[in-house]
Amino acid sequence: MSQPNKQSSPNRFLLPIRLIEHNGKYLAAALADERSPDFDPFPLPGVPASLIDWLRIGSQTIWAHKNRCIAGLLLIHTRSHRWTIRLPHQRCGPDAAQWYTLREDLPALSARWRIGGSFQTKVLGEKESAEDCIPAAAGIHVVQPISYPLRPFLTFMRIGERVYKSPSDFIISNDWHEALQEAAERITLA
Amino acid sequence: MSYSPDDSIKNRPPLIRLARAKDRLMRVTLPKSRQPADRPFTPFQMPPFPLSQHRWLGGLGLEFFKRQRRYLAVLLTLDCEGQRWCRPVIPAQTCGKDGSCWTLDLGKSYPLPPGKRVAGSFQVCRAASIMEAIDAVPVMDGLHIVQAMSEDEVNPYFFLRAENRTGVGIPEEIIANDWDLALQEASGRMSFE
């Protein structure tokens, strides 16, 4: 149970990105059928770990209180290349969430924010794999299986029709490390 | 463990002034001594500080301590046009074994994006009690969070500096669980079957 991605109605739905593999890098690009895209392809940055932690903590709280799964959208800004998250329109079920990406649900988002992935909690059946619930939109997708004890989250990339299992340290960035690295030349140790 | 005001810093970021209102709420206003490039803004009630950002800062401070066995300070920033807390900045500082001696020099992070101002600090330091932690609060209006580390405990203390006085902040009045706020905002589009 995951979201339908209606790429053919760009005015009604939030636009996704397209992922292109180029010289070992993954570039975020406009959809192939867009006539005049307002951005050039750029290397897709890792999703900050703090955003994923926020979604994990919140979704576990919801599971603990309501026994329901939820989903979050990972959105990438096509100019600043920064990530943010939003809770989309969704039906939160006991084993999965079904969600929609209607633009009218998130009116404050500018058109520069595009869907770059998703996060979802999911109760996986015996014969079900996490890959099966990755939505059709290209990008970084995180699945947090619901289980006792809680299992680590699983990370995937979708490029076109293909879904790849990706190591989390490849697609999730450690924003503590990045903040300290950025400030390194301003820090002196006494 | 101190803030070292260095007037020689040319690229000092804009600050705020906090004013106590009658109902114990704090209003964010323009400082009296303004810089020419200061963008004016309409005074507003200081928004609650997001719990997730507080946790992130706590984790950052502990990560730095784990790596360097030293204490770190971070500046809190407010978007005075959007009236919300935004991404904190690590200033130039000397990190010691008891605390950090920090400045308002933002290095490459200067200038802050338009409308954003430094509105407080987050510091990790060695302190055994709130009375020791209060010593770390700088003479600068805003919200100041001191993550006090002792032999066996880590305790966050919250202080509000306004009108030349430092007051102790009540966590429940200062921190907001942003998950609750996000769920509230999304409640109209989420159904639980």
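Numbers restart at 1 for each chain; the letters A, B, ... are given by sequence-line order, proteins then strands.
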For the pair B:W179 (side chain) and A:S59 (backbone), establish whether a donor and an acceptor sit closer than 3.5 Å, ignoring hydrogens and angles.
no
Are there over 12 heavy-atom neighbours, none belonging to [X], within less than 6.0 Å of that residue's [atom1]?
X      : atom1 : result
B:R67  : CZ    : yes
A:H81  : NE2   : yes
A:R82  : CZ    : no
B:N164 : CG    : no

Separation of [Y] [atom2] from [X] [atom1] (nearest 0.5 Å):
X      : Y      : atom1 : atom2 : answer
B:L183 : A:T61  : CG    : OG1   : 9.0 Å
A:Q90  : B:E193 : CD    : CD    : 10.5 Å
B:F192 : A:K66  : CZ    : NZ    : 5.0 Å

Between [X] and [Y], what is the shortest heavy-atom contact and its length?
X      : Y      : result
B:W56  : A:W176 : O-NE1, 3.1 Å
B:M190 : A:P88  : CG-O, 4.1 Å
A:A179 : B:L60  : CB-CD1, 4.3 Å

Part of A:I62 within contact of chain B (heavy atom distance under 4.5 Å):
side chain
Which atoms of A:N67 approach chain B - backbone, side chain, both or neither, heavy atom under 4.5 Å:
neither
Looking only at heavy atoms, which of residues 180-190 of chain A get nearer than 4.5 Å to chain B?
A:L180, A:E182, A:A183, A:E185, A:R186, A:I187, A:T188, A:L189, A:A190
Below 4.5 Å, heavy-atom pairs only: which of B:D180, B:L72, B:N177, B:T94 has the largest tally toward chain A?
B:T94
Interface residue of largest heavy-atom contact number with chain A, from B:A92, B:P88, B:G96, under 4.5 Å
B:A92
Say whether [X] and [Y] are linked into one hydrophobic cluster, either directly or through other cluster members, by side-chain heavy-atom distances under 4.5 angstrom.
X      : Y      : result
B:V74  : B:M46  : yes
B:V137 : B:V118 : no
B:F158 : B:V154 : yes
B:Y157 : B:M149 : no
A:M157 : A:F42  : yes

In terms of heavy-atom proximity below 4.5 Å to chain A, should B:K97 be classed as side chain, backbone, both, or neither?
neither
B:A186 versus chain A, heavy atoms under 4.5 Å apart: side chain, backbone, both or neither?
side chain
Any B:R189 side-chain heavy atom under 4.5 Å of A:L106 side chain:
yes
Would you check if B:R55 and A:D53 make a side-chain contact, meaning some heavy-atom pair closer than 4.5 Å?
no
Using the test ring pair (Phe, Tyr, Trp, His ring centres under 6.0 Å), find all partners of A:W83 that sit at least two apart in sequence or belong to another chain.
none
